Amino acid sequence: MKKRHFDAVPIVDELLTLDADWRSKKGEMESVAADMNKISKEIGLLFREGKQEEANAAKAKTGELKEKEAILKAEVDELEGKITQLMYQLPNLPNELVKAGKSEEDNEIIAEAGTRRVYDFEPLPHWELTEKFDLINFELGVKLTGAGFPVYKGKGAKLQRALIAYFLDEAEKAGYEEHIPPHVVNEASGFGTGQLPDKEGQMYHITEDDLYLIPTAEVPLTNIFRDVILPDENFSIKLTGYTPCFRREAGSYGKDVRGLNRLHQFDKVEIVRIEHPDNSAAALEEMMQHVKGLLEGLGLEYRILRLCGGDTGFAAAMTYDFEVYSTAQEKWLEVSSVSRFDTFQSTRLRLRFKNADKKTQLCHTLNGSALALPRIVAAILENYQTADGIEIPEVLHKYTGFDKIS
RNA sequence: GGAGAAAUGGCAGAGUGGUCGAAUGCACUGGUCUUGAAAACCAGCGUACCGAGAGGUACCGGGGGUUCGAAUCCCUCUUUCUCCGCCA
């Protein structure tokens, strides 16, 4: 927890106190309940035997017990509520590989690949390219909705669709089963994957129906397995799905949000895995290889970061970020985030399996973007630009039907 | 949106105030029998929590209520089905 710069000690101390209190109160309550049940049964017997007077005498005794039980129950409920509240405030325990650190400056770069594009002309940033070739209209999005909701047009739209198809096909080849989930979820789903209550303000909330627009397909895909007990320990569940993602992202500003760098609505193909705890590390590795494969397929220069404690999300035990280099903006853009959650989500989801001893045990969950579109589009436009147009990476040709934008 | 019906264990399906955590069938697990299998027969077979254990508590869609006692009665929400309306 220290790695996160999160002081868990006061919360844990309070939890321990509350828990001890809860145990004793609960024991007391249950013994009162047991007495009540016993008396009720006796009354039933007396009535059947026609002993009205004795039964009524027994009834008289219950009043006090009943009252006592009600008081104890209220106390137990209150303690349970407090305990749950506190537990929700505790982030996941970072994996041993995760280094301590405060912010993104402390993240470790663990791999770099690809070659830097050099230009014999002055490269344009993607927001100028999209305008020049009429691929994405940001102003139109403002008119229809607001900032951060661009309108993709013509070859821009086609490129978008091609990338989605490419990512989904690759995911399918890697054994992930495609799903098209709802784009709106209920509160229970938000809690299941840990967006609630931690990221309450990040999601669009439809108050009238108490539903949330999904910030990622992770939420509906993983919640498919909420309240599920897998029958045995021989499982490895791999899901994928394309969805739009909606994020309020309050408080961001400046050049970081220019163009496609940060949007309120964007497209993403997500991969999700439900794994046996012993297989969690291997699954994470496989997912990394998968994402690498996509980036190499697209011919983009990228690097992989292992996030430090402070930058790792609340729910994750370990996260690897993939960034592609934008030559025109001269900066790294995050295009994927692959995380293992260990039992953090499965605890909230009540997602378990029956182990060899027939005991229920919590599964591990993992997920990753494979990939998030807008910044990939930005990188492709910028890195594949020529003096008079934009080339399309080879792997996309069969999806776009064209190999050049001009 | 309007009218009606329903929600019980993995599934099917009894149960309308007390001995019901819940009949029965199927499925499943173990055993007998068999060279093996099937069939038949016998036994077992929900989940969570508290407790060292004995045991206890809670759960019959969710929440609340009536009662000494609720699967059963009342209120409410959700979901499903049927009919009507509307609709891509």
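Being a predicted model, the structure only gives us computed values, none of them experimental. Convention: sequence-line order gives letters A, B, ...; per-chain numbering from 1.
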Requested in this report: Using the P atoms only, state how far B:G9 lies from B:G61, rounded to an integer number of Å.
Outcome: 7 Å

Query raised in the report: Quick one: is B:U47 close enough that its OP1 or OP2 comes under 4.0 Å of any side-chain N or O from A:Arg350?
Result: no

**Report entry** Sugar-phosphate only, base, or nothing, as touched by A:Lys354 at under 4.0 Å among non-hydrogen atoms
**Finding:** sugar-phosphate

Query raised in the report: Atom CG of A:Asn186 to atom P of B:C77: distance rounded to whole Å?
Result: 19 Å

**Report entry** Distance, P atom - from B:C59 to B:U66, rounded to whole angstrom
**Finding:** 16 Å

Query - Partner nucleotide, any strand, of B:G9 [Watson-Crick/G-U, under 3.5 Å] - result: none

Query raised in the report: When the distance from CD1 of A:Ile229 to C1' of B:C28 is rounded to whole Å, what number comes out?
Result: 16 Å

Report task. Counting Watson-Crick and G-U wobble pairs only, both distances under 3.5 Å, name the nucleotide matched with B:U66, or none. Result -> none

Query raised in the report: Touch check for A:Ile43, heavy atoms < 4.0 angstrom, all strands: base, sugar-phosphate only, or nothing?
Result: base

Query - Pair partner, B:A43 [Watson-Crick or wobble, under 3.5 Å] - result: B:U29

**Report entry** Atom CD of A:Gln89 with >12 non-hydrogen neighbours under 6.0 angstrom
**Finding:** yes

Query - Atom C1', compared across B:U72 and B:A22: separation rounded to whole Å - result: 12 Å

Report task. Specify the separation, in whole Å, of atom CG of A:Leu230 and atom P of B:G10. Result -> 15 Å

**Report entry** Carboxylate-amine/guanidinium proximity below 4.0 Å for A:Asp134 and A:Lys153
**Finding:** yes

Query - Neighbour count >12 (heavy atoms, 6.0 Å) for atom CG, A:Leu16 - result: yes

Query - Whole angstrom value for the distance that separates P of B:C59 from CD of A:Glu80 - result: 13 Å

Report summary line: Residues A:Tyr384 and A:Leu298: closest non-hydrogen pair is OH-O, 2.6 Å

Query - Between B:G18 and B:A37 - P atom distance, rounded Å - result: 47 Å

Query - Interatomic distance at C1', B:G62 relative to B:U8, whole Å - result: 15 Å

Query raised in the report: Does A:Asn37 make a side-chain N or O approach to OP1 or OP2 of B:G69 shorter than 4.0 Å?
Result: no

Query - 5'-most by nearest nucleotide on RNA chain B - A:Lys66 or A:Lys38 - result: A:Lys38

Query - Donor-acceptor pair between A:His364 and A:Asp278 side chains, under 3.5 angstrom - result: no

**Report entry** Per A:Trp22 side chain, nearest of listed nucleotides B:G56, B:C50, B:G69
**Finding:** B:C50

Query raised in the report: Are OP1 or OP2 of B:C68 and a side-chain N or O of A:Lys41 less than 4.0 angstrom apart?
Result: no

Report task. Using a heavy-atom cut-off of under 4.0 Å over every strand shown, decide if A:Thr62 touches base, sugar-phosphate, or nothing. Result -> sugar-phosphate

Requested in this report: Rounded to whole angstrom, note down the C1' distance from B:G51 over to B:A58.
Outcome: 15 Å

**Report entry** Separation of the C1' atoms in B:G85 and B:G2, to the nearest angstrom
**Finding:** 8 Å

Query raised in the report: For B:U72, which nucleotide in any strand shown is its Watson-Crick or wobble partner with both distances under 3.5 Å?
Result: none

Query raised in the report: If we call it a pair only when both distances are under 3.5 Å in a Watson-Crick or G-U wobble match, what pairs with B:G17?
Result: none

Report task. Scan every strand shown for a Watson-Crick or G-U wobble partner of B:C81, both distances under 3.5 Å, and answer none if you come up empty. Result -> B:G4

Query - A:Thr360 side-chain N/O to B:A48 phosphate OP1/OP2 under 4.0 Å - result: yes

Query raised in the report: Which residue lies toward the 5' end of RNA chain B, A:Glu30 or A:Asp19, if each is placed at its nearest nucleotide?
Result: A:Asp19

Query raised in the report: Should we say atom NZ of A:Lys73 is surrounded by more than 12 heavy atoms from elsewhere, each under 6.0 Å from it?
Result: no

Query - Counterpart base for B:C49, defined by Watson-Crick or G-U wobble contacts under 3.5 Å - result: B:G56

Report summary line: Rounded to whole Å, CZ of A:Arg226 lies from C1' of B:G62 at a distance of 13 Å

Report task. To the nearest Å, give me how far apart CZ (A:Arg23) and C1' (B:A52) are. Result -> 14 Å

**Report entry** Spacing between A:Phe47 atom CZ and B:G18 atom P, to the nearest angstrom
**Finding:** 12 Å

Query raised in the report: How far, in whole Å, is B:G25 from B:G13 if one measures between their C1' atoms?
Result: 8 Å

Query - Length of the line joining A:Glu64:CD and B:C68:P, which is rounded to integer Å - result: 15 Å

Report task. Please confirm whether A:Lys155 makes a cation-pi placement over A:Phe402, using NZ or CZ under 6.0 Å from the six-membered ring centre and within 45° of the ring normal. Result -> yes

